[in-house]
There are 2 protein chains.
Amino acid sequence: MPVELRALQSLRLWHDVNLDLVHEGADLSVRQIAILLTIYLEPPPHTVRGLAAKLNVTKPVITRALDSMGKLDLVTRRRDTLDKRNVIIQRTVAGALAVERLGDIITARAKELPL
Amino acid sequence: MPVELRALQSLRLWHDVNLDLVHEGADLSVRQIAILLTIYLEPPPHTVRGLAAKLNVTKPVITRALDSMGKLDLVTRRRDTLDKRNVIIQRTVAGALAVERLGDIITARAKELPL
DNA sequence: TCAGAATAATACGGCACCGAAACGAATGGT
DNA sequence: ACCATTCGTTTCGGTGCCGTATTATTCTGA
């Protein structure tokens with residue numbers, strides 16, 4: 001099952017999924033989505049500093065994104081016990097479900113693509 | 001060339017492309033991207049009212065998105081000559097290039113996906 | 001013709017985010 | 001024991017988007 005997406009199919013897929021996201025009022029910014037998926041796809045541990053470097057944004061951006069996503073219970077923070085300056089970002093059940101749901105949306109839209 | 005994206009591949013693709021978008025500072029919101037792609041993928045003509053209905057958002061959202069995207073020269077507005085209440089949203093060269101570029105990013109990232 | 005509907009734009013108050021700078025806590029080197 | 005460094009957070013001023021309500025313009029139908 002090779003992944004063969006041509007440009008027009010790619011755009012159609014991007015359009016359809018974004019439309020779905022807008023429809024269900026999932027108002028996460030592009031940055032927040034990038035952060036969320038990094039946390040759930042890349043191997044832990046994740047720190048503020050590491051995420052900032054990975055996304056090439058400033059640390060306050062990460063802190064604020066974690067604040068807002070934390071309110072939505074999509075991620076949690078914990079102090080690193082070995083180096084108490086560090087904060088370890090952890091996954092949550094609700095976050096895992098949300099990510100899984102996004103995967104389902106994309107997969108479903110990809111299936112519907114015209115060949 | 002069937003499109004077969006499984007959930008994990010979908011998420012990886014979404015993550016990678018969003019990361020690219022963040023990296024190059026293309027700070028369009030999810031709504032704006034949905035609007036832009038609708039304009040460039042769906043058959044014209046496009047009106048404020050039509051886009052608002054399609055995205056299920058209020059009309060001021062469309063007006064403001066057109067304002068900001070107009071500043072970036074991604075779209076243009078023109079009064080409908082037949083019914084002067086209407087505004088026709090038109091594509092621009094810069095907008096077409098931006099959309100094309102997005103398609104390339106997605107396609108490239110899809111190619112890199114682990115099987 | 002003219003009252004009402006339809007369309008897009010604007011006004012308003014509120015909220016969230018941004019970048020830069022400053023800050024407090026914790027660490028590590030000497 | 002110090003002091004520079006690291007790390008995450010907070011503060012500051014500014015910007016942009018949101019939803020609701022209102023406006024100006026244009027069309028339509030009786």
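Numbered from 1 within each chain, the chains take letters A, B, ... in sequence-line order.
With 3.5 Å as the limit, one finds no donor-acceptor pair spanning the side chains of B:Thr76 and B:Thr92.
Remark: P of C:dA16 and CG of A:Leu28 are 13 Å apart, rounded to the nearest angstrom. In this entry the distance linking CG of B:Leu55 with P of D:dG19 reads 12 Å, nearest Å. Residue B:Arg85 contributes atom CZ, which lies 16 Å from atom C1' of D:dT23 at whole-angstrom precision. Between A:Met69 atom CE and C:dC17 atom C1' the separation is 13 Å, expressed in whole Å. Note: CG (A:Asp80) to C1' (C:dT27) measures 12 Å, nearest angstrom. In this structure, the NZ atom of A:Lys71 is 10 Å from the C1' atom of C:dC15, given to the nearest Å. Between B:Arg64 atom CZ and D:dT20 atom P there is a gap of 11 Å when expressed in whole angstrom units. As a whole-Å value, the separation of B:Gln32 CD from D:dG16 P is 11 Å.
For A:Val61, the listed nucleotide lying nearest its side chain is C:dC18; candidates were C:dT27, C:dC18, D:dC17. Side-chain proximity of A:Val87 to D:dG8, C:dT10, D:dT26: nearest is D:dG8. Closest to the side chain of B:Thr63, from the set C:dA9, C:dA20, D:dC7, is C:dA9. Comparing C:dG19, D:dT5, C:dT7 against the side chain of A:Arg31 picks out C:dG19 as the nearest. With C:dC17, D:dT9, C:dT27 as the candidates, the nucleotide lying closest to the side chain of A:Lys84 is C:dT27.
Using a 4.0 Å heavy-atom cutoff across all strands shown, B:Lys59 reaches at least one base atom of the nucleic acid. A:Thr58 comes within contact range of the sugar-phosphate backbone alone, with a heavy-atom separation under 4.0 Å but no base atom that close. Among the protein residues, B:Ser29 comes within range of no part of the nucleic acid, since none of its heavy atoms lies under 4.0 Å from any strand. Here A:Leu82 lies in heavy-atom contact (under 4.0 Å) with sugar-phosphate atoms only.
Side-chain nitrogen and oxygen atoms of B:Ser68 include at least one within less than 4.0 Å of the OP1 or OP2 phosphate oxygen of D:dC17. Put simply, B:Arg79 has no side-chain N or O that comes within less than 4.0 Å of OP1 or OP2 on C:dT7.
When each of A:Asp83 and A:Val57 is assigned the nucleotide of DNA chain C with its nearest heavy atom, A:Val57 is the one assigned upstream, toward the 5' end.
In terms of modelled atom types and a separation under 3.5 Å, the side chain of A:Arg79 and the main chain of A:Arg85 share a donor-acceptor contact. Of the possible donor and acceptor atoms, one in the side chain of B:His46 sits under 3.5 Å from a partner among the backbone N and O of B:Ile39. Listed for the A:Thr47 side chain is no donor-acceptor partner under 3.5 Å among the backbone atoms of A:Asn86.
The distance from the CE atom of B:Met69 to the CG atom of B:Leu36 is 5.5 Å, given to the nearest 0.5 Å.
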